[in-house]
Visitor: 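Submitted below is the structure of interest, expressed as structure tokens.
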Amino acid sequence: MREGNLLIRASAGTGKTYALATRYLRLMLLGKVDPAKIVALTFSRAAAQEIYTKILERLWKAAESDDIAKKESEEISKASETPRSWDRSEFASLLRSLIDTQHLGTIATLDSFILRMVRNFPLEMGFQHAVEVLDSAGEGDALQDALRAI
């Protein structure tokens, strides 16, 4: 299994979601990485949701069927030096773990991830006050304040 960060750049319909879901599953099953320690970032909310949904679907199907569990095991361990097979109960256990810890993990958009980091560590990032996202009314007020200051 390739260690470290992975960047996938490809056009629509080329299998990015499948590749990212497979990578996520490999990290959890082969690398024994806690889902709460995996960060998967994309540019749109729809893509982030699609990745998460694909992971859940694959785990769910593998937990339901011995045949699908075997096929998923082959796909997940394909790039591994030591292929491994997981049974339905192991996929079911991983599915439960992922659902239980989904609030700790990060499959998100790049901007929401950055906002989370700024909100969680404002002083470390050089902000003196709490950071908030402005709605359109707040944006207009902030723009007027900035123009008055200039």
Side-chain angles (χ1 to χ4, degrees), residues 1-139 142:
M1 183 170 76
R2 185 176 179 273
E3 297 295 324
N5 299 326
L6 176 66
L7 171 66
I8 297 177
R9 289 184 347 179
S11 59
T14 58
K16 292 182 299 297
T17 299
Y18 186 84
L20 287 169
T22 301
R23 171 74 170 178
Y24 203 94
L25 292 169
R26 277 188 188 130
L27 288 170
M28 290 188 294
L29 288 164
L30 286 173
K32 302 293 186 205
V33 177
D34 180 349
K37 297 184 186 278
I38 300 172
V39 176
L41 301 176
T42 185
F43 288 102
S44 73
R45 289 182 188 163
Q49 182 61 48
E50 186 180 353
I51 293 165
Y52 185 69
T53 300
K54 181 60 73 178
I55 292 166
L56 290 179
E57 283 175 358
R58 288 175 65 179
L59 288 172
W60 180 276
K61 288 177 182 177
E64 284 188 322
S65 161
D66 289 324
D67 290 339
I68 295 175
K70 183 180 179 197
K71 288 177 185 172
E72 272 300 339
S73 293
E74 290 170 1
E75 183 63 26
I76 290 166
S77 64
K78 188 188 298 183
S80 174
E81 296 164 4
T82 54
R84 168 116 199 278
S85 184
W86 296 274
D87 63 27
R88 290 173 42 198
S89 66
E90 290 172 293
F91 281 107
S93 176
L94 186 57
L95 177 61
R96 275 196 260 357
S97 172
L98 183 59
I99 290 169
D100 289 345
T101 61
Q102 71 181 1
H103 63 287
L104 300 172
T106 304
I107 299 177
T109 60
L110 184 59
D111 57 329
S112 68
F113 178 75
I114 292 169
L115 180 60
R116 184 187 307 179
M117 291 299 103
V118 171
R119 281 185 173 158
N120 289 337
F121 307 102
L123 297 176
E124 292 87 339
M125 299 207 142
F127 295 99
Q128 300 301 317
H129 305 286
V131 175
E132 62 184 88
V133 176
L134 297 176
D135 59 12
S136 57
E139 183 180 324

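Positions are given from 1 along the sequence.
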Visitor: For a quick test of reading the model, state the closest non-hydrogen atom pair linking A69 to F91 and the distance between them.
Guide: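 Between these two residues, the closest heavy atoms are O-CE1, 3.5 Å.
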
Visitor: Could you list the residues that satisfy side-chain hydrogen bond (donor to acceptor under 3.5 Å, both in side chains) with S85, not counting sequence neighbours?
Guide: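 Expected list: none.
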
Visitor: Listed by chain and number, what are the side-chain hydrogen bond (donor to acceptor under 3.5 Å, both in side chains) partners of K32, not counting sequence neighbours?
Guide: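 side-chain hydrogen bond (donor to acceptor under 3.5 Å, both in side chains) list for K32, sorted by chain: empty.
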
Visitor: For I51 and Y24, run side-chain contact (heavy atoms from CB on, under 4.5 Å): C-alpha distance rounded to whole Å, both residues' side-chain angles, the deciding distance at 0.1 Å, then the answer.
Guide: CA-CA 9 Å; I51 293 165; Y24 203 94; 5.7 Å; no

Visitor: Tell me every residue that passes side-chain hydrogen bond (donor to acceptor under 3.5 Å, both in side chains) with D87, counting only those two or more places apart in sequence or in another chain.
Guide: S89

Visitor: Considering only residues two or more places apart or on different chains, which pairs with a residue in residues 90-113 satisfy salt bridge (Lys or Arg N to Asp or Glu O under 4.0 Å)?
Guide: R84-E90

Visitor: Write down the atom of A63, the atom of R88, and the distance for their closest heavy-atom approach.
Guide: O-NE, 3.2 Å

Visitor: For residues 67-78, which residue pairs pass the salt bridge (Lys or Arg N to Asp or Glu O under 4.0 Å) check, not counting sequence neighbours?
Guide: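 Matches after skipping sequence neighbours: R58-E72, E75-K78.
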
Visitor: Using the side-chain contact (heavy atoms from CB on, under 4.5 Å) criterion, which residues pair with E64? Sequence neighbours excluded.
Guide: W60

Visitor: How close do I76 and L30 get, counting heavy atoms only, and between which atoms?
Guide: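 Looking at all heavy atoms of both residues, the shortest contact is O-CD1, 3.6 Å.
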
Visitor: For residues 39-48, which side-chain donor-acceptor pairs fall under 3.5 Å, sequence neighbours excluded?
Guide:
residue, atom, partner, partner atom, Å
S44, OG, A47, N, 3.0

Visitor: For E139, check side-chain hydrogen bond (donor to acceptor under 3.5 Å, both in side chains) against everything at least two apart and list the hits.
Guide: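 So E139 forms no side-chain hydrogen bond (donor to acceptor under 3.5 Å, both in side chains) with any residue.
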
Visitor: Name all pairs fulfilling the side-chain hydrogen bond (donor to acceptor under 3.5 Å, both in side chains) condition that reach into residues 113-126, sequence neighbours left out, sorted by first residue then second.
Guide: T106-R116

Visitor: If we ignore hydrogens and angles and just use 3.5 Å, is the side chain of S97 paired with the main-chain N or O of S93 as donor and acceptor?
Guide: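 No; zero donor-acceptor contacts below 3.5 Å.
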
Visitor: How long is the span from the CG atom in L29 to the OG1 atom in T22, to the nearest 0.5 Å?
Guide: 11.0 Å

Visitor: With sequence neighbours excluded, what pairs up with I99 under the side-chain contact (heavy atoms from CB on, under 4.5 Å) test?
Guide: L56, L95

Visitor: My understanding is that only residues two or more places apart in sequence, or in another chain, count here; which of them pass side-chain contact (heavy atoms from CB on, under 4.5 Å) with A142?
Guide: L134

